[in-house]
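See structure below.
Heavy atoms only: backbone and side chains are in, while hydrogens, waters and symmetry mates are out.
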Amino acid sequence: MPSKGKHRRTKARSLTRGLIAAGTGGAALVLPLIGANTAGAAQPAAAEKTVAAAPAAAKKAAPKTYTVVSGDSLSKIANAHSLSGWKKLYQDNRQVIGDEPSLIHPGLKLTIGAKAKAATPAKAPAKAAPAAERADRSEARAAVAKTTTYTNDLDGWIKESLAVMAKHGIPGTYEGIHRNVMRESSGNPRAINNWDSNAVAGTPSKGLLQVIAPTFAAYHVPGTSMDSYDPVANITAACNYAADRYGSIDNVNGPY
């Protein structure tokens, strides 16, 4: 029994020393080191993530400039840049666009991602016209630019008549008209025949190509004057009559 008790005490003391050794050499020294290393590793990682996230956020928030091209609308631009809607884009650029959000024109520079500074775009009108209206105005200006001015003489009257005849498909040439005018009236737009059979019947021949009133009324060309003495109206009606009866004023070489 005493030997067993000694054995038990000896084992207990060994165990106690082992725990002490473990307590002083292991837990006391190792555990704090493990804790310190873990904390130290976590803090730099968190800091690194924070630093990395900051430039990304800054980059995302950075504004950029977009130049409007033909066919653009605020809605289309907003969708293309994943914005919340065109209203925000308009509010951010109202100083540049003006009071009407639908009126943006090619070349206009918009700020996307941040409110634009108050600025007036270079050479931009205060209020641009809609595309359809601008096209109509352009066509109108082009039409005005292409309007031909004719001289107020025989040369101008013949040329203007030829232009009207071309629109209505009436044949005839400058030479054919000029030749017949010189024979019928010598180029006098107020010429009148008061002595032939037409005059006796009460319908004297008048004007450059000596047209009687019934013929003028029947062959009058829309867009010209209703006055048979008017040079262009007289020539055009006479050429219309000659085309119907002779094929063209060019085929007329005498009284007709």
Atom [atom1] of [X] and atom [atom2] of [Y]: how far apart are they, to the nearest 0.5 Å?
X	Y	atom1	atom2	answer
N152	E160	CG	CD	9.5 Å
Y66	H81	OH	NE2	6.5 Å
L89	L74	CG	CG	5.0 Å
Q210	T215	CD	OG1	12.0 Å
K167	L162	NZ	CG	12.5 Å
S225	H220	OG	NE2	6.5 Å

State plainly whether one hydrophobic cluster holds both [X] and [Y], where clusters connect Ile, Leu, Val, Met, Phe, Trp and Tyr through side-chain heavy atoms under 4.5 angstrom apart.
X	Y	value
V232	I192	no
Y229	V181	no
Y241	M226	no

Does [X] reach the side chain of [Y], with side-chain heavy atoms less than 4.5 Å apart?
X	Y	value
I77	L110	yes
R94	D99	yes
P222	H168	yes
K206	I212	no
I170	I249	no
S161	V164	no
L154	M182	yes
L108	N93	no

List the steps and the verdict of side chain to side chain contact (heavy atoms under 4.5 Å, CB included) for M165 and I177. CA-CA 12 Å; M165 290 162 59; I177 295 172; 4.0 Å; yes
Can you name the closest pair of heavy atoms from [X] and [Y] and give their distance?
X	Y	result
S84	K88	OG-CB, 4.0 Å
P63	T111	CB-CG2, 3.9 Å
D196	S205	OD2-OG, 4.0 Å
W157	P189	CH2-CG, 3.8 Å
D72	T67	OD2-O, 4.4 Å
G247	P171	O-CG, 3.3 Å

Quick check against the 3.5 Å criterion: does [X] have a side-chain atom that pairs as donor or acceptor with the backbone of [Y]?
X	Y	value
D250	T173	yes
H178	I158	no
N180	V252	yes
T236	A233	no
S185	L208	yes

Tell me whether the rings of W86 and Y90 are parallel (<30°), tilted (30 to 60°) or perpendicular (>60°). tilted
Students often mix this up, so state it plainly: with edges at 30° and 60°, are the rings of Y256 and Y246 parallel, tilted or perpendicular? perpendicular
Does a donor on one side chain and an acceptor on the other come within less than 3.5 Å for D153 and T151? yes
Going by atom types alone, do N253 and R183 pair a side-chain donor with an acceptor below 3.5 Å? no
Checking side chain to side chain contact (heavy atoms under 4.5 Å, CB included) between V211 and each of I235, N234, N240, which is the one that passes? N234
Evaluate the criterion side-chain hydrogen bond (donor to acceptor under 3.5 Å, both in side chains) for residue pair D155 and Y150; output intermediate values, then yes/no. CA-CA 8 Å; D155 179 70; Y150 299 99; over 6 Å; no
